[in-house]
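For reference, the structure is listed below as C-alpha cells.
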Amino acid sequence: MVQQALEEISRGTAEIIDKERVEKLVTRYYDDGTTYTVKAGFDPTGADLHLGHTVLLQKLRVFQKHGGRVQLLIGDFTATIGDPTGKSETRKILDTDTILANAKTYQEQVFNILDESKTEVVFNSTWLNKLGAAGMVALTTLFNVARMLERDDFEKRYRAGQSISISEFLYPLLQGYDSVELQSDIEIGGTDQKFNLLMGRHLQRAYNVGKEQAVLMMPILEGLDGVQKMSKSLQNYIGITEEPKDIYAKTLSISDELMWRYYELLSENTLEEIAQMKQGVQMGTLHPKTVKENLALELVTRFYNVELATLAKEEFDNVFKENLLPADMNEIEVEEGIWICKALVDAGLEPSTSQARRDIKQNAVSLNQEKVSDDALNLSAGEYILQVGKRKFAKVKVR
RNA sequence: GGUGAGUUACUCAAGCGGCCAACGAGGGCAGACUGUAAAUCUGCUGACUAUGUCUUCGAAGGUUCGAAUCCUUCACUCACCA
C-alpha cells in the first residue's frame with residue numbers, strides 16, 4: 001500500500017529533494033493515520049487555470065489520497081511584488097483589487113480537482129502584513145546577496161546589466177517564509193521554482209521550525225506548440241473552464257510527440273499502460289489518432305462529464321471527418337446586398353476586409369460549402385453558411 | 001554627472017534621401033498532402049469595396065519637390081567612465 005502510494009507520488013516528478021522524508025511521512029500515515037501538510041503556492045496574477053496548473057493540482061490530489069493536507073497558498077502579498085522567475089525584466093505590479101478577484105476565481109476552479117475537505121486555503125498577506133519592517137529586516141539577514149545572485153535568472157540579468165529591483169530579492173525570501181509560518185512538511189512546485197522552494201528549507205532551518213520541508217518538483221508542461229511552456233500570455237494553453245468542444249479540439253491538435261508528454265503529466269493512466277500504448281503505436285497496431293482521442297476524452301470528462309465528452313467527440317467527428325457542419329455556430333443578421341468581405345468581418349471570422357480578400361484569393365472561404373472565388377461578391381437575401389479555413393464557421397441571415 | 005551606441009511591423013532584424021507598406025528569419029494564417037498530428041512544398045501576412053488612397057519605422061518640430069533615412073528638441077534603453 002505504502003509502496004503504491006509512493007509510486008503514485010513520484011510519478012512524473014522532475015526531482016524530489018529529501019525523498020526519505022516523503023517516504024517517512026507517507027509510511028507514518030499508513031501506520032497510525034498521522035497526516036502531514038503539503039504546500040503549493042499560486043500567484044493570483046492570472047484569473048484562469050489551465051492544464052499547466054493542473055499538473056500541480058493533480059499531484060496535490062494524489063497527496064490528499066495518501067494522508068496529505070493541502071495548504072493552498074494564495075500569494076496575495078507576494079503578487080504585489082511579482083515573482084521574477086523566468087522573467088527577463090522586472091514585472092509589473094498588480095493592484096490589490098485585481099489580485100483578490102483573481103484569487104477568488106482560482107479557488108472556484110481549484111476544487112474541480114482538489115478535495116475541498118482536505119484543503120486549507122491560506123493567504124500570505126495574513127502573516128506577511130504583520131511581519132513589519134523589523135521582521136522584514138530580520139528575514140533579510142538570513143540570506144546574502146552572493147547566493148541570491150546564484151539564481152539563474154538573476155545572474156543572467158545581473159551580468160547583462162539589466163535592472164534587478166531589490167524587491168525582487170524579497171520574493172524568494174517571502175515565499176520561503178511562508179513555509180516557516182505554515183510549517184509545511186512538503187512543498188511542491190514547478191522545476192522553475194527550485195530556488196524558491198529550496199529557500200523554504202533554508203528558512204525553516206534558520207527559524208528553527210524543527211523540520212525542513214521536502215521539495216517535490218514537477219516538470220513544466222509545454223503548451224500546444226510543444227516548445228514553450230503553457231501560459232496564457234503565449235496563447236498556447238487549454239483552460240479548464242473552456243468549452244468541452246474546445247478542450248477536445250485543442251487536445252487533438254497537439255503533436256503526437258507532445259501527446260505522450262500530456263499523457264504522462266495529465267492522464268490517470270499508469271505508466272505501464274502508457275508504455276504499452278506507445279509500443280502499440282510504434283508497432284503500428286494502434287493508431288496515434290485513437291490514442292489522442294482517448295486523451296481528449298479523458299480531459300473533457302475530468303472537467304465536465306462523460307456525456308459532454310462524448311458529445312464533443314461526436315461534434316468534432318461530424319465537422320472534421322464527415323465534413324458536416326457544426327451544430328452551433330455564431331449567427332448574425334445583416335442587411336441585403338452586403339459585401340461578402342464585410343460579412344466575414346461582421347461574423348467575426350476575419351479581422352479585416354483586407355484579410356478576407358486575401359483568404360478569398362487563396363481559396364480559403366466557402367459560402368454554403370462552395371469555394372468563393374469572387375472577392376467582390378455581394379450577398380442577396382437568404383441564409384448562408386460562411387466558412388473560413390477548416391474550422392471557422394458562421395451562419396449569416398441576409399434580410 | 002560625463003562620453004558613446006541605440007529605439008523599425010507580433011518577435012528578432014535589414015534599410016541610412018526617391019525603386020519602401022519597408023529585405024530576411026521566426027511566428028501566425030491559408031492551400032496541397034494527412035489523422036484539424038508532425039515533417040515537407042506553396043502562397044499570404046498595415047488598413048480601406050482597392051492596380052488607387054490613407055496611416056505606419058520611439059515623440060514632437062524642421063530642412064527638402066520628396067524623409068524610416070538629414071537637422072533640432074524631448075523621452076526611453078544599453079555600454080564605458082565617474
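Note that these values count all heavy atoms, side chains included, but never hydrogens, waters or copies made by symmetry. Naming: A, B, ... by sequence-line order, numbering from 1 per chain.
Between the CG atom of Leu377(A) and the P atom of rU49(B) there is a distance of 15 Å, given to the nearest Å. The nearest whole Å value for the distance from the CG atom in Asp375(A) to the P atom in rA30(B) is 18 Å. In this structure, Lys342(A) places its NZ atom 16 Å from C1' of rA50(B), rounding to the nearest Å. In this structure, Glu335(A) atom CD and rU49(B) atom P are separated by 17 Å, rounded to whole Å. Here the P atom of nucleotide rC29(B) and the CD atom of Gln387(A) are 16 Å apart, to the nearest Å. The NZ-C1' distance, from Lys390(A) to rC33(B), rounds to 9 Å in whole Å. Nucleotide rC33(B) holds its C1' atom 16 Å from the CG atom of Asn363(A), rounded to whole Å. Rounded to a whole Å, the CD1 atom of Ile360(A) is 15 Å from the C1' atom of rG31(B).
Near RNA chain B, meaning a heavy atom under 4.0 Å away, the residues from residues 285-295 of chain A are His287(A), Pro288(A), Lys289(A), Lys292(A).
Using C1' as the reference atom, rA50(B) and rU40(B) are 35 Å apart when rounded to the nearest Å. Comparing the same atom, P, in rU53(B) and in rU8(B) gives a spacing of 29 Å after rounding to whole Å. A gap of 7 Å separates the P atoms of rU7(B) and rG58(B), to the nearest Å. Nucleotides rG46(B) and rC57(B) place their C1' atoms 12 Å apart, quoted to the nearest Å. Spacing of C1' atoms, rA39(B) relative to rU34(B), comes out at 11 Å, to the nearest Å. Remark: the separation of the P atoms in rU63(B) and rC10(B) is 31 Å, to the nearest Å. rA67(B) and rG61(B) are spaced 14 Å apart, taking the P atom of each and rounding to whole Å. Across the C1' atoms, rU55(B) and rA21(B) are found 10 Å apart, a figure rounded to whole Å.
Crowding of Glu257(A) atom CD: a count of heavy atoms from other residues, nucleotides or ligands under 6.0 Å not exceeding 12. More than 12 heavy atoms of other shown residues, nucleotides or ligands fall within 6.0 angstrom of atom NZ in Lys371(A). More than 12 heavy-atom neighbours from other residues, nucleotides or ligands sit within 6.0 angstrom of NZ on Lys211(A). Glu116(A) CD: 12 or fewer foreign heavy atoms inside a 6.0 Å radius. Remark: Glu15(A) CD is packed, more than 12 non-hydrogen atoms of other residues, nucleotides or ligands lying under 6.0 Å away.
Along RNA chain B, the nucleotide nearest Thr353(A) and the nucleotide nearest Ala249(A) are compared for position; the residue whose nucleotide lies closer to the 5' end is Ala249(A). In terms of position on RNA chain B, the residue among Pro351(A) and Glu257(A) whose nearest nucleotide sits closer to the 5' end is Glu257(A).
Side-chain rings of Tyr29(A) and His66(A) stay apart, their centers remaining 6.0 Å or farther from each other. Taking the six-membered ring where the residue is Trp, the centroids of Phe143(A) and Phe169(A) are separated by 6.0 Å or more.
Side-chain atoms of Asp256(A) lie closest to rA37(B) of the nucleotides rA30(B), rA37(B), rU49(B). Among the nucleotides rA37(B), rC29(B), rU49(B), the one closest to the side chain of Ser255(A) is rA37(B).
A salt bridge links Asp18(A) with Arg201(A); the closest basic N to acidic carboxylate O contact falls under 4.0 Å. The pair Arg399(A)-Glu335(A) meets the salt-bridge criterion, since a charged nitrogen lies less than 4.0 angstrom from a carboxylate oxygen.
Residue contacts for Asp225(A): at a heavy-atom cut-off of 4.0 Å it reaches no nucleic acid atom on any strand shown. Residue Leu258(A) is out of contact with every strand shown, counting any heavy-atom pair closer than 4.0 Å.
Using modelled atom types and a 3.5 Å distance limit, the side chains of Arg302(A) and Asn112(A) yield no donor-acceptor pair. Of the N and O atoms on the side chains of Thr37(A) and Gln183(A), not one donor lies less than 3.5 Å from an acceptor on the other residue. Side-chain atoms of Glu187(A) and Gln213(A) include a donor-acceptor pair closer than 3.5 Å. Checking Gln175(A) against Asn196(A) by side-chain atom types alone, a donor-acceptor pair falls below 3.5 Å.
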Distances under 3.5 Å only, N/O to N/O: pair up the protein atoms with those of nucleotides 43-46 of chain B.
residue : atom : partner   : partner atom : Å
rG43(B) : O2'  : Gln362(A) : OE1          : 3.4
rG43(B) : N2   : Gln362(A) : OE1          : 3.4
rG43(B) : N2   : Gln362(A) : NE2          : 3.1
rG43(B) : N3   : Gln362(A) : OE1          : 2.8

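Base pairing in RNA chain B gives the following stems of 3 or more Watson-Crick or G-U pairs, range against range and under 3.5 Å: B:1-7 with B:75-81, B:10-12 with B:24-26, B:27-32 with B:40-45, B:46-48 with B:52-54, B:58-62 with B:70-74.
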